[in-house]
Enquirer: 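So that we are looking at the same thing, I have put the structure below in structure tokens.
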Amino acid sequence: MAGAPELVVVAPLRDVERMAGTDDRASVPATAREDFRVRCTSKRAVTELLELCGRIVQKLGEALPEKIREPALRDAQWTFESAVQENVSINGQAWQEASDNCLMDSDIKVLEDQFDEIIVDIATKRKQYPRKILECVIKTIKAKQEILKQYHPVVQPLDLKNDPDPVLACIN
């Protein structure tokens, strides 16, 4: 699905040891043991999913009585968003520490498409411009030939005669 945000989920640590029946928590560093959060690569993708889920919560709230709908929806939305923010890490960072300016796959795709268009544009210019340059060169050469045809020397050249053999002329 093009443009769909992708979440990267990594299995919790120490699953192999749980299956084997060992519970040796002393060998696991405290930070690795406590990192229970879902690992994601883009805060913006998670935010888009939160917005999508928010719309679903709004639709579910339509079934509530009018009297309690608004506060219940606000409370449900806030609870859901805060739960997601607490249980998600963005590139190993907590939600509050992660920056919003990560590039998403869709952004990279748009940039790649623009780059491809530029490459195609340059390739067509490389094909077209040599032809145009060749036309200009041919016109320039023809113009130079026309100018040379119109050139008539003002001074008439003299006919020079070569001496037969300069060595023999010095001996005599």
Side-chain angles (χ1 to χ4, degrees), residues 1-13 31-32 35-62 73-74 77-78 80-172:
M1 190 182 239
E6 293 182 20
L7 296 178
V8 178
V9 180
V10 177
L13 298 174
T31 56
D35 194 13
F36 57 87
R37 299 174 295 185
V38 176
R39 296 180 186 170
C40 302
T41 56
S42 172
K43 188 173 183 177
R44 192 175 358 165
V46 176
T47 305
E48 288 177 9
L49 286 175
L50 282 173
E51 291 173 2
L52 177 67
C53 293
R55 285 182 249 146
I56 294 171
V57 169
Q58 292 290 330
K59 288 181 182 178
L60 290 173
E62 292 174 0
L73 282 175
R74 241 183 297 126
Q77 187 73 25
W78 181 84
F80 178 73
E81 286 181 7
S82 61
V84 169
Q85 291 174 4
E86 288 176 12
N87 292 299
V88 167
S89 68
I90 310 296
N91 294 326
Q93 296 179 333
W95 180 269
Q96 294 80 9
E97 298 169 0
S99 64
D100 292 333
N101 58 1
C102 297
L103 288 177
M104 286 181 43
D105 289 338
S106 59
D107 295 337
I108 293 172
K109 179 70 174 150
V110 168
L111 292 174
E112 286 177 348
D113 291 343
Q114 291 174 348
F115 188 61
D116 290 342
E117 290 175 11
I118 291 170
I119 289 173
V120 169
D121 186 41
I122 289 173
T124 55
K125 286 180 180 178
R126 283 185 178 172
K127 289 180 182 178
Q128 293 172 354
Y129 286 141
R131 290 186 211 132
K132 292 179 181 179
I133 292 171
L134 182 63
E135 291 173 9
C136 291
V137 168
I138 290 172
K139 287 180 184 177
T140 304
I141 291 173
K142 285 183 180 179
K144 284 182 182 178
Q145 289 175 346
E146 289 295 320
I147 291 173
L148 288 175
K149 285 180 186 176
Q150 293 176 359
Y151 175 73
H152 298 291
V154 178
V155 179
Q156 297 296 325
L158 294 174
D159 289 333
L160 298 177
K161 296 182 181 176
N162 291 339
D163 291 336
D165 192 9
V167 177
L168 294 175
C170 291
I171 300 176
N172 292 335

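Because the structure is a prediction, the values reported are computed rather than measured. Keep in mind that the numbers below use all heavy atoms, side chains included, and drop hydrogens, waters and symmetry copies.
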Enquirer: Are side-chain heavy atoms of L52 and E48 found at a separation under 4.5 Å?
Expert: no

Enquirer: Quick one: side-chain contact (heavy atoms from CB on, under 4.5 Å) partners of E146, sequence neighbours excluded?
Expert: K149

Enquirer: How long is the gap from NZ on K43 to CG on L50, to the nearest 0.5 Å?
Expert: 10.5 Å

Enquirer: Look up atom OG in S82 and atom CH2 in W95, then write down how far apart they are to the nearest 0.5 Å.
Expert: 11.5 Å

Enquirer: Which distance, rounded to the nearest 0.5 Å, do you find between the CD of Q85 and the OG1 of T47?
Expert: 8.0 Å

Enquirer: Name every donor-acceptor pair, under 3.5 Å, that has one atom in a side chain of residues 111-134 and the other anywhere in the protein, sequence neighbours excluded.
Expert:
| unit_1 | atom_1 | unit_2 | atom_2 | d |
| --- | --- | --- | --- | --- |
| T124 | OG1 | V120 | O | 3.3 |
| T124 | OG1 | D121 | O | 2.7 |

Enquirer: Not counting sequence neighbours, list each pair that qualifies as a salt bridge (charged side-chain N to carboxylate O under 4.0 Å, His left out) and has a residue in residues 81-98.
Expert: none

Enquirer: Measure the shortest side-chain to side-chain distance between T41 and N91 over non-hydrogen atoms and say whether it is less than 4.5 angstrom.
Expert: yes

Enquirer: May I ask you to test the L73-V57 pair for a side-chain heavy-atom distance under 4.5 Å?
Expert: yes

